[in-house]
J.: 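Take a look at this one; I'll ask things after.
All values derive from a computational prediction rather than experimental measurement. Every chain is numbered from 1 and lettered A, B, ... according to where its sequence line falls, protein lines coming before strand lines.
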Amino acid sequence: MLQPYTQRVVDIIKKIPEGKVMTYGQIAGLAGSSRGARQVVRILHSLSSAHQLPWHRVVNAKGEIAIQEDESRMLQRHMLEAEGVYIGINGMIDLEEYRHEPDIPPDR
DNA sequence: CTAATGACGTCCG
DNA sequence: TCGGACGCCATTA
(Lines give C-alpha, C1' and ligand atoms only; values in the text may rest on other atoms or scores of the structure.)
Protein backbone atom coordinates (compact mmCIF):
# COMPACT_ATOMS: atom_id res chain seq x y z
CA MET A 1 0.00 0.00 0.00
CA LEU A 2 1.10 3.48 -0.83
CA GLN A 3 0.99 6.30 1.67
CA PRO A 4 -2.17 8.49 1.36
CA TYR A 5 -0.49 11.51 -0.14
CA THR A 6 1.49 9.40 -2.56
CA GLN A 7 -1.68 7.58 -3.58
CA ARG A 8 -3.52 10.83 -4.33
CA VAL A 9 -0.65 12.10 -6.44
CA VAL A 10 -0.61 8.85 -8.40
CA ASP A 11 -4.38 9.01 -8.98
CA ILE A 12 -4.18 12.59 -10.19
CA ILE A 13 -1.37 11.89 -12.63
CA LYS A 14 -3.21 8.89 -14.04
CA LYS A 15 -6.17 11.13 -14.86
CA ILE A 16 -4.27 13.58 -17.06
CA PRO A 17 -5.83 13.15 -20.52
CA GLU A 18 -3.89 12.82 -23.75
CA GLY A 19 -2.78 16.08 -25.26
CA LYS A 20 -2.80 17.83 -21.88
CA VAL A 21 -0.16 18.53 -19.24
CA MET A 22 -0.05 19.44 -15.55
CA THR A 23 2.67 21.13 -13.51
CA TYR A 24 4.33 19.69 -10.43
CA GLY A 25 2.96 22.40 -8.20
CA GLN A 26 -0.54 21.99 -9.56
CA ILE A 27 -0.52 18.26 -8.86
CA ALA A 28 0.92 18.77 -5.40
CA GLY A 29 -1.81 21.29 -4.59
CA LEU A 30 -4.61 19.01 -5.71
CA ALA A 31 -3.13 16.19 -3.67
CA GLY A 32 -3.34 18.35 -0.58
CA SER A 33 0.02 20.07 -0.25
CA SER A 34 0.44 23.14 -2.43
CA ARG A 35 4.14 23.24 -1.74
CA GLY A 36 4.81 19.56 -2.13
CA ALA A 37 6.10 19.72 -5.68
CA ARG A 38 9.24 17.90 -4.65
CA GLN A 39 7.25 14.93 -3.46
CA VAL A 40 5.79 14.67 -6.92
CA VAL A 41 9.34 14.54 -8.24
CA ARG A 42 10.23 11.72 -5.89
CA ILE A 43 7.09 9.82 -6.82
CA LEU A 44 7.82 10.10 -10.51
CA HIS A 45 11.31 8.78 -9.89
CA SER A 46 10.18 5.80 -7.87
CA LEU A 47 6.80 4.87 -9.38
CA SER A 48 6.67 6.06 -12.99
CA SER A 49 7.61 2.70 -14.43
CA ALA A 50 5.65 0.54 -12.02
CA HIS A 51 2.30 2.33 -12.28
CA GLN A 52 1.68 3.05 -15.98
CA LEU A 53 1.94 6.74 -15.18
CA PRO A 54 1.85 9.28 -18.03
CA TRP A 55 4.98 10.91 -16.58
CA HIS A 56 5.61 12.74 -19.83
CA ARG A 57 2.54 14.93 -19.20
CA VAL A 58 4.12 16.45 -16.12
CA VAL A 59 6.12 19.64 -16.66
CA ASN A 60 7.46 22.44 -14.48
CA ALA A 61 5.71 25.75 -13.73
CA LYS A 62 7.14 27.42 -16.82
CA GLY A 63 5.86 24.76 -19.16
CA GLU A 64 9.30 23.33 -19.80
CA ILE A 65 10.36 19.71 -19.74
CA ALA A 66 11.97 19.37 -16.34
CA ILE A 67 14.26 16.40 -16.84
CA GLN A 68 17.88 17.18 -17.68
CA GLU A 69 19.04 13.85 -18.99
CA ASP A 70 19.07 14.11 -22.80
CA GLU A 71 17.71 10.69 -23.79
CA SER A 72 14.57 10.86 -21.66
CA ARG A 73 14.11 14.55 -22.37
CA MET A 74 13.84 13.96 -26.10
CA LEU A 75 11.62 10.94 -25.52
CA GLN A 76 9.24 13.04 -23.45
CA ARG A 77 9.16 15.73 -26.11
CA HIS A 78 8.30 13.20 -28.79
CA MET A 79 5.62 11.59 -26.67
CA LEU A 80 3.95 14.96 -26.15
CA GLU A 81 4.17 16.04 -29.76
CA ALA A 82 2.71 12.70 -30.79
CA GLU A 83 -0.32 13.59 -28.63
CA GLY A 84 -0.64 16.99 -30.24
CA VAL A 85 1.12 19.14 -27.66
CA TYR A 86 3.09 21.76 -29.55
CA ILE A 87 6.41 22.74 -28.00
CA GLY A 88 7.79 26.14 -28.98
CA ILE A 89 11.29 27.03 -30.12
CA ASN A 90 12.50 27.77 -26.59
CA GLY A 91 11.28 24.39 -25.37
CA MET A 92 8.20 26.00 -23.83
CA ILE A 93 4.68 24.60 -23.82
CA ASP A 94 1.77 27.06 -23.85
CA LEU A 95 0.18 26.24 -20.51
CA GLU A 96 -2.80 28.46 -21.20
CA GLU A 97 -3.63 26.10 -24.00
CA TYR A 98 -2.51 22.69 -22.75
CA ARG A 99 -2.75 22.76 -18.96
CA HIS A 100 -5.28 20.23 -17.69
CA GLU A 101 -7.76 21.70 -15.19
CA PRO A 102 -9.58 19.01 -13.20
CA ASP A 103 -13.08 19.90 -12.01
CA ILE A 104 -12.26 18.94 -8.45
CA PRO A 105 -10.88 21.94 -6.52
CA PRO A 106 -7.73 21.77 -4.35
CA ASP A 107 -8.59 20.68 -0.80
CA ARG A 108 -5.81 22.79 0.63
C1' DC B 1 14.81 10.76 16.73
C1' DT B 2 18.07 12.85 12.34
C1' DA B 3 19.78 12.94 7.45
C1' DA B 4 19.12 12.43 2.75
C1' DT B 5 16.42 12.73 -1.48
C1' DG B 6 14.34 15.19 -5.42
C1' DA B 7 12.45 15.68 -13.33
C1' DC B 8 10.11 22.13 -8.14
C1' DG B 9 8.68 27.12 -6.97
C1' DT B 10 9.58 31.68 -5.73
C1' DC B 11 11.85 35.59 -4.46
C1' DC B 12 15.54 38.98 -5.14
C1' DG B 13 19.68 41.43 -6.94
C1' DT C 1 14.83 39.47 -18.12
C1' DC C 2 17.86 35.98 -15.95
C1' DG C 3 20.41 33.06 -12.74
C1' DG C 4 21.28 31.70 -8.21
C1' DA C 5 20.01 31.07 -3.41
C1' DC C 6 16.82 29.40 -0.53
C1' DG C 7 12.48 27.32 1.03
C1' DC C 8 9.63 23.23 1.00
C1' DC C 9 8.01 18.59 2.55
C1' DA C 10 6.43 13.44 2.23
C1' DT C 11 8.90 9.53 2.34
C1' DT C 12 12.76 6.43 3.07
C1' DA C 13 17.04 4.82 5.27
Side-chain angles (χ1 to χ4, degrees):
Chain A
M1 270 297 281
L2 297 171
Q3 291 297 107
Y5 184 78
T6 302
Q7 182 65 63
R8 285 198 296 279
V9 169
V10 169
D11 288 341
I12 291 168
I13 294 176
K14 288 176 70 172
K15 286 178 187 164
I16 306 176
E18 276 187 28
K20 293 286 183 175
V21 300
M22 281 182 78
T23 69
Y24 291 88
Q26 192 185 4
I27 294 169
L30 289 172
S33 180
S34 55
R35 298 173 201 165
R38 316 207 56 163
Q39 280 57 254
V40 178
V41 170
R42 269 176 37 83
I43 291 165
L44 253 45
H45 262 264
S46 51
L47 308 173
S48 60
S49 53
H51 283 252
Q52 318 281 64
L53 298 181
W55 57 271
H56 56 280
R57 298 184 191 138
V58 183
V59 298
N60 68 22
K62 302 186 218 113
E64 302 170 317
I65 289 178
I67 188 172
Q68 297 301 309
E69 198 272 305
D70 288 324
E71 285 285 323
S72 311
R73 218 179 68 140
M74 287 181 54
L75 173 63
Q76 176 171 11
R77 176 167 184 145
H78 291 149
M79 303 268 283
L80 289 174
E81 289 178 333
E83 295 183 355
V85 177
Y86 176 72
I87 301 177
I89 190 64
N90 47 14
M92 295 276 221
I93 293 171
D94 181 358
L95 293 178
E96 286 297 312
E97 181 174 356
Y98 297 110
R99 179 157 32 98
H100 173 50
E101 304 287 5
D103 34 359
I104 55 175
D107 58 359
R108 199 182 325 179

J.: Please classify the nucleic acid contact of Tyr5(A) as base, sugar-phosphate, or nothing, using heavy-atom distances under 4.0 Å.
T.: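 It contacts sugar-phosphate atoms only.
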J.: Provide, to the nearest angstrom, the distance between the CZ atom belonging to Arg42(A) and the P atom belonging to dA10(C).
T.: 11 Å
J.: Determine the Euclidean distance between corresponding C1' atoms of dA7(B) and dA13(C); express it in Å to zero decimal places.
T.: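 Those two atoms are separated by 22 Å.
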J.: Can you find a heavy atom in the side chain of Pro54(A) that is under 4.5 Å from one in the side chain of Met22(A)?
T.: no
J.: Heavy atoms within less than 4.0 Å of DNA chain B: which residues of residues 62-73 of chain A have one? Give them sorted by number.
T.: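 The answer is Ala66(A), Ile67(A).
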J.: On DNA chain B, which is the earliest and which the latest nucleotide, 5' to 3', with an atom closer than 4.0 Å to a heavy atom of chain A?
T.: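 Contact boundaries, 5' end first: dT5(B) to dG9(B).
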J.: Rounded to the Å, how far apart are Ile27(A) CD1 and dC9(C) P?
T.: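 My rounded result for the distance is 18 Å.
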J.: When clusters are formed by joining ILVMFWY residues with side-chain heavy atoms under 4.5 Å apart, either directly or through shared neighbours, do Ile67(A) and Leu95(A) land in the same one?
T.: yes
J.: For Glu69(A), I'd like to know if atom CD has over 12 heavy atoms of other residues, nucleotides or ligands within 6.0 Å.
T.: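 Yes, enclosed.
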J.: Do Tyr24(A) and Tyr5(A) share a hydrophobic cluster, counting only Ile, Leu, Val, Met, Phe, Trp and Tyr and linking them when any side-chain heavy atoms are less than 4.5 Å apart?
T.: yes
J.: Have a look at Arg35(A) and say if it touches a base, only the backbone sugar-phosphate, or nothing, with a 4.0 Å heavy-atom cut-off.
T.: sugar-phosphate
J.: Around Arg73(A), counting heavy atoms of other residues, nucleotides and ligands shown, do more than 12 lie under 6.0 Å from its CZ?
T.: no
J.: Does dT11(C) have OP1 or OP2 under 4.0 Å away from a side-chain N or O of Thr6(A)?
T.: yes
J.: Are Leu2(A) and Ile27(A) linked, directly or through other ILVMFWY residues, by side chains that come within less than 4.5 angstrom of each other?
T.: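 As far as the 4.5 Å side-chain criterion goes, Ile27(A) and Leu2(A) are connected within one cluster.
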J.: Using a side-chain heavy atom cutoff under 4.5 Å and only I, L, V, M, F, W and Y, what cluster partners does Met92(A) have?
T.: none
J.: Measure from CG on Asn60(A) to P on dG3(C) and round the result to the nearest Å.
T.: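 The distance from CG of Asn60(A) to P of dG3(C) comes to 14 Å, rounded to the nearest Å.
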J.: Is the number of heavy atoms from other residues, nucleotides or ligands within 6.0 Å of CD (Gln52(A)) greater than 12?
T.: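 No, because the 6.0 Å sphere around CD of Gln52(A) holds 12 heavy atoms or fewer from other groups.
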